[in-house]
Amino acid sequence: MFEIKYRDNGSNARAGELKLYHNSVKTPVFMPVGTNGVVKTFFPKELYEMDIEIILSNSYHIYLRPGMDVIKKANGLHKFSAWNRNILTDSGGFQVFSLSKIVKIKNDGVEFRSHIDGSKHFLTPGDVVEIQKTIGSDIMMVLDHCTPPNISYEKAKEALDTTTRWASLSRDYYKNNIDTNRQRQFGIVQGNFFKDLRERSANELINLDFDGYAIGGLSVGETKDVFNDIISFTAPILPVDKPRYLMGVGTPEYILTSVEAGIDMFDCVFPTRIARNASVLTKYGRLNMRNEKYKFDESPVDESCGCYVCKNFSKSYIRHLFKANEISASRLASYHNIYFMKSFMDRVRESIISSNFAEFKREFLSSYLVNGS
RNA sequence: GGGAAGAUUGCCGAGUGGUUAAAGGCGACAGACUGUAAAUCUGUUGACAUACGUCUACGGGGGUUCAAAUCCCUCUCUUCCCA
């Protein structure tokens, strides 16, 4: 299922290929996020033309709306959304964290109120696997308990115990009810910012023999140093021959750090969200297309970018679309940002293959960090 | 010709004697965004000054008052109604 093709000499970085039900995925990979069954502003064909091989969707959101009856009738999310490549679905574990005001952690699952209509729901780890079975996820994530920074060791340990218990229940349900050749399942390492808990979490999950391992609970507000410390500790203790997925990350600089630590997969709302808020990613860092300085700027967003947007439109025009609140502004910026991330990941992969990852990283950052970012 | 209402800081628009450089909205300027309750959110927006502050401001002019965007007189303009 997962094959490592190249390893970097000076770091834990690796380039591989992940064979999933719909198609194979070259790693390291960035997965665009399509929470509601759509990568916001995109048609599937626009993602195909960029060679996007896998996107992420969200069980929690799909379960609440449109609801599993609709997905079942449509024969799964792929058909429903006209996306015929891979889908990884998050479990809703992150919503346990981000919607914590309306979510209660119980021993055997989560109780929550719908953020849409306030209705009460309860889901066990097995229910979440079942939801992802109906969705038809190529990779399903286990239900986990994601925690914020600055909680006590005791709280972190408690959340970790919950995560492990749920992981075990999820794995059992998966093995008994799922076509394991068609749908894969990843566990999620938690443990907050305590290394011994991270290690313990990793070992407990490894015992359950997942198809891949994710690291959760990072990039939730901690400093870059803390992030670096935890990722460089946690990634290498995960099985070398299984895909490693860092959830919710990220920006190019965080991805470089993480690839170096041995991470293969990423997802993040960042490029699409900031695009809708007028920020574009370029060789020279992030630019805010609303800024007055682009009013008469006839140059493309990024001279070195080969995307449709950069080949056809000026900063001045894109600024105008944002100022005029035109929906195409979001579309153009999103298209460019996803293209940027894809081509960035391609270059990361190539640099690993040609054994100059370290040099690529240094060179990329020397330009990218010019504008801060 | 007669009658009525009104003119507020880039725009719209609150405010009817003193906590008013003046609500709120829009616009403008800038910032944030990391497993998406986000086409969202935050800040600034009279001038000068890093700042303490100092000026100039509610159509023009003139009054009343310790104090006026708010009261009085007058002029100019705008809108509406009746002829």
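Quick note on labels: first sequence line is chain A, next is B, and so on, each numbered from 1. Since this is a predicted model, take the numbers as computed values, not measurements.
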Query raised in the report: Within the modelled atom types, does a donor on one side and an acceptor on the other bring the side chain of A/T272 and the base of B/U36 under 3.5 Å apart?
Result: yes
Query raised in the report: Between the base of B/G35 and the side chain of A/N58, is there a donor-acceptor distance below 3.5 Å?
Result: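 By the distance-only test, no, there is no pair.
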When you compare [N] with [M], how far apart are their [atom1] atoms, in angstrom units rounded to a whole number?
N     : M     : atom1 : answer
B/A68 : B/A21 : P     : 13 Å
B/C81 : B/U74 : P     : 26 Å
B/A57 : B/C48 : C1'   : 15 Å
B/C12 : B/C66 : P     : 37 Å
B/A4  : B/G10 : C1'   : 31 Å
B/A83 : B/A14 : P     : 31 Å
B/A23 : B/G15 : C1'   : 8 Å
B/G27 : B/C75 : P     : 41 Å

Could you pull out all residues at least two apart from [X] that satisfy ring-ring contact (aromatic ring centres under 6.0 Å, His included)?
X      : result
A/Y21  : none
A/F42  : none
A/F194 : A/Y153

Query raised in the report: With sugar-phosphate meaning primed atoms plus P, OP1 and OP2, does A/G92 contact a base, only sugar-phosphate, or nothing at under 4.0 Å between heavy atoms?
Result: nothing
Query raised in the report: Checking all strands, does A/I327 fall into the base, sugar-phosphate, or nothing category for heavy-atom contacts under 4.0 angstrom?
Result: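 The answer is base, as A/I327 lies within the cut-off (heavy atoms under 4.0 Å) of a base atom.
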Any side-chain N or O of [X] less than 4.0 Å from the OP1 or OP2 oxygen of [N]?
X      : N     : answer
A/R286 : B/C33 : yes
A/N288 : B/G31 : yes
A/S279 : B/A32 : no
A/T35  : B/U36 : yes

Query raised in the report: What distance separates A/L256 CG from A/Y254 OH, expressed to the nearest 0.5 Å?
Result: 12.5 Å
Query raised in the report: Which parts of residues 184-200 of chain A get close to RNA chain B, meaning a heavy atom less than 4.0 angstrom away?
Result: A/I188, A/Q190
**Report entry** Crowding at OH, A/Y308 (>12 non-hydrogen neighbours, <6.0 Å)
**Finding:**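 Not buried by this count: 12 neighbours or fewer within 6.0 Å.
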Query - Residue pairs fulfilling ring pair (Phe, Tyr, Trp, His ring centres under 6.0 Å) with at least one residue in residues 44-67 of chain A, sequence neighbours excluded - result: A/Y48-A/W83, A/Y60-A/F112, A/Y60-A/H115, A/H61-A/H115, A/Y63-A/H121
Report task. Select from A/K295 and A/D90 the residue whose nearest nucleotide in RNA chain B is closer to the 5' end of that strand. Result -> A/K295
Report task. Specify the residue among A/R319 and A/Y254 whose closest nucleotide of RNA chain B lies further upstream toward the 5′ end. Result -> A/R319
Requested in this report: Taking only the side-chain heavy atoms of A/M247 (C-beta and beyond), determine which of B/A37, B/C33, B/G35 contains the nearest atom.
Outcome: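 The listed nucleotide nearest to A/M247's side chain is B/G35.
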Expected rows: protein N/O vs nucleotides 40-43 of chain B N/O, under 3.5 Å:
unit_1 : atom_1 : unit_2 : atom_2 : d
B/U40  : N3     : A/N277 : OD1    : 3.3
B/U40  : O4     : A/N277 : OD1    : 2.9

